[in-house]
Amino acid sequence: MTTRAGFVALIGEPNAGKSTLLNRMVGAKVSIVTHKVQTTRARVRGVAMEGESQIVFVDTPGLFQPRRRLDRAMVAAAWGGAADAEIVLLLVEAHRGITEGVERILEGLADVAQGRTVGLVINKIDRVQSEVLLGLTKDLNERFDFAETFLISAERGHGVDDLRSWLAQELPEGPWLYPEDQIADLPMRMIAAEITREKLTLRLHQELPYQMTVETENWEERKDGSAKIDQVIYVVRDGHKGIVLGKRGETIKSVSQSSREELTEFLGRKVHLFLQVKVRPNWLEEAERYSEMGLDFKDGN
Ligand SMILES: Nc1nc2c(ncn2[C@@H]2O[C@H](COP(=O)(O)OP(=O)(O)OP(=O)(O)O)[C@@H](O)[C@H]2O)c(=O)[nH]1
Ligand SMILES: [Mg+2]
C-alpha cells in the first residue's frame with residue numbers, strides 16, 4: 001500500500017471562505033467561521049483522509065495589508081503556513097474577482113511558489129452567473145501559473161470532491177503524519193476559546209471583535225465525566241466590557257449558552273462554562289496573549 005501525506009495551505013483575502021473549506025474537507029468544525037473579516041487569527045490544522053492519502057489542511061488568517069501588531073503577526077502566520085506546505089491553494093471570491101488585495105497576494109505568491117504546487121480555488125460560485133467564472137479563471141491564470149483551477153462553493157459543497165481527489169494524488173508519497181482518526185491539531189483549550197470567540201464575534205459589532213480575545217484559563221475534568229471550563233474575555237476598554245456583558249448581562253448570557261451548547265456537542269459530554277470579562281488596555285501588546293493564540297509576538301514587530 002502506497003500512502004501519501006502532506007500539508008495543503010489555504011490562503012486568500014479575509015472572508016474568502018478558507019475556514020469554511022477546511023471544515024468541509026475535515027467534515028467537522030475545527031476552525032471558526034463568521035461573516036466578518038479577520039476571523040481566523042492563527043494557523044489551524046485539520047486532517048482529511050482520501051483513500052490512502054492524508055491531507056493536512058492548514059487554515060491561515062486572511063492576507064491583507066497589516067497595520068497593527070496583531071495584523072502583522074497574523075499575516076506572517078499566513079505566509080508561514082504557505083511556506084511550510086507542499087501545496088498552496090489560493091482562494092478567490094467569485095463575486096469579488098481580482099481585487100487589489102488579490103493582486104497583492106499574487107505578487108507575494110511568486111516567492112512562496114518555488115518548489116510547491118499552487119492551485120487556484122474560486123469559491124462562492126453560488127453567488128455568480130456561470131459566465132463570470134470563465135472570464136475570471138482566464139484572467140487569474142494569465143497572472144499566475146496555477147497547476148489547476150477549481151470552481152467551488154465551500155458552503156454548499158459544490159466542486160469540493162474533485163478538489164479533494166486532486167489533492168490526494170498530488171501529495172508526495174510518505175507515511176501519514178497524524179493518527180487516522182485525528183481531525184484537528186489544535187489544543188482543546190484553544191478550540192474551546194475559539195468557539196466562544198466565534199459566538200462573541202457573531203453577537204457584537206464593529207471594532208470590538210478585533211480588540212477582544214478569549215483564553216481558556218482552567219479546564220477541569222470532573223468525576224461525573226463532565227468538563228468545567230473557565231474562560232476569560234479580554235477587552236481594552238471599560239465601555240467594551242459593558243458591551244460584552246450587555247443589558248442586565250443578556251449578551252454574555254446568550255454567548256455563554258451558545259458556546260456551551262457547541263462545546264457539549266464537540267466534546268460529546270456535559271460542559272460547565274464560566275465566562276469572565278477583564279479589561280486589559282494593553283493586551284494587544286502583550287507577548288503572552290499572542291502565544292495563547294498560537295501566534296508569534298515577534299512577527300508583529
Ligand atoms: N455564499 C457563500 N458564502 C460562503 C461560501 N464559503 C464561505 N462563505 C461565507 O463567507 C464568510 C466567511 O467565511 P470564512 O470561512 O470565515 O472565511 P475565511 O477566509 O476563513 O475568513 P478569515 O478567517 O477572516 O480570513 C462566512 O459568512 C461564510 O459562511 C460559499 O461557498 N458561498
Ligand atoms: Mg478563517
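None of the values given here were measured: they were computed from a predicted structure. In what follows, every heavy atom counts, from backbone to side chain, and hydrogens, waters and symmetry copies are set aside. When a ligand or atom number is given, it counts from 1 through the structure's own listing order.
- Donor-acceptor pairing under 3.5 Å is recorded for the side chains of T40 and S19.
- Screening V214, V279, T213 for a side-chain contact (heavy atoms from CB on, under 4.5 Å) with Y234, the sole residue that qualifies is T213.
- One of the N, O or S atoms belonging to T40 lies under 2.8 Å away from the Mg ion (ligand 2).
- Residue D145 qualifies as open at atom CG: its count of foreign heavy atoms under 6.0 Å is 12 or below.
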**Request:** Go through the steps for R69 and Y290 under the test side chain to side chain donor-acceptor pair (under 3.5 Å), then give the verdict.
**Result:** CA-CA 10 Å; R69 178 185 280 274; Y290 285 67; 4.8 Å; no
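- Shown in contact with V33 at under 4.0 Å from a heavy atom are these atoms of ligand 1, numbered in order with element: 13 (O), 14 (P), 15 (O), 16 (O), 26 (C), 28 (C).
- E93 and R127 are not joined by a salt bridge, as no carboxylate oxygen comes within less than 4.0 angstrom of a charged side-chain nitrogen.
- Looking only at heavy atoms of the protein, atom 32 (N) of ligand 1 is closest to D126 OD1, 2.8 Å.
- Look at D84 and R43 and you find a salt bridge, because one of the NZ, NE, NH1 or NH2 atoms lies within 4.0 Å of a carboxylate O, short of that distance.
- The pair E170-R4 fails the salt-bridge criterion, with no side-chain N (NZ, NE, NH1 or NH2) lying under 4.0 Å from an Asp/Glu carboxylate O.
- Environment of CD in E265: sparse, with no more than 12 heavy atoms of neighbouring residues, nucleotides or ligands closer than 6.0 Å.
- In the hydrophobic clustering of ILVMFWY residues, with side-chain heavy atoms under 4.5 Å counting as a link, V92 and I152 come out apart.
- Between V37 and ligand 1, a contact under 3.5 Å exists for no N or O pair.
- At least one N or O atom of T20 sits closer than 3.5 Å to an N or O atom of ligand 1.
- Closest to atom 10 (O) of ligand 1 among all protein heavy atoms lies K124 NZ, 2.9 Å.
- Close approach to H35 involves these atoms of ligand 1, each under 4.0 Å from a residue heavy atom: 27 (O).
- Residue T117 comes nearest to A147 through the heavy atom pair CG2-CB, 3.6 Å, listed as atom of the first residue, atom of the second, then distance.
- Distances shorter than 4.0 angstrom do not occur between any heavy atom of G12 and any atom of ligand 1.
- At a heavy-atom cutoff of 4.0 Å, ligand 1 is contacted by the backbone of T34 but not by its side chain.
- Of all atoms in ligand 1, listed by their number and element, those nearer than 4.0 Å to a heavy atom of S153 are 30 (C), 31 (O), 32 (N).
- The shortest N or O to N or O distance between A16 and ligand 1 is under 3.5 Å.
- Note on E107 versus R104: no salt bridge recorded, every NZ/NE/NH1/NH2 to OD/OE distance being 4.0 Å or above.
- Nearest protein heavy-atom neighbour of atom 6 (N) of ligand 1: N123 ND2, 3.3 Å.
- Under the 4.0 angstrom criterion for non-hydrogen atoms, Q38 is in contact with ligand 1.
- Among all protein heavy atoms, the one lying closest to atom 17 (O) of ligand 1 is G17 N, 3.1 Å.
- Around CD of Q129, the count of heavy atoms belonging to other residues, nucleotides or ligands within 6.0 Å does not exceed 12.
- When each atom of ligand 1 is checked for a heavy atom of G62 under 4.0 Å away, the hits are 25 (O).
- Those atoms of ligand 1 that come under 4.0 Å of a heavy atom in T39, given as number and element, are 22 (P), 23 (O), 24 (O).
- The protein non-hydrogen atom at the shortest distance from atom 21 (O) of ligand 1 is N15 N, 2.9 Å.
- Ligand 1 places these atoms under 4.0 Å from at least one heavy atom of R127: 1 (N).
- Remark: ligand 1 and E155 share an N or O pair separated by less than 3.5 Å (distance only, no angle test).
- Because the distance cut-off is set at 2.8 Å, S19 qualifies as a neighbour of the Mg ion (ligand 2) through one of its N, O or S atoms.
- Polar contact with ligand 1: present for K18 (N/O pair, distance under 3.5 Å).
- Note: L200 CG to T34 OG1 = 11.5 Å, rounded to the nearest 0.5 Å.
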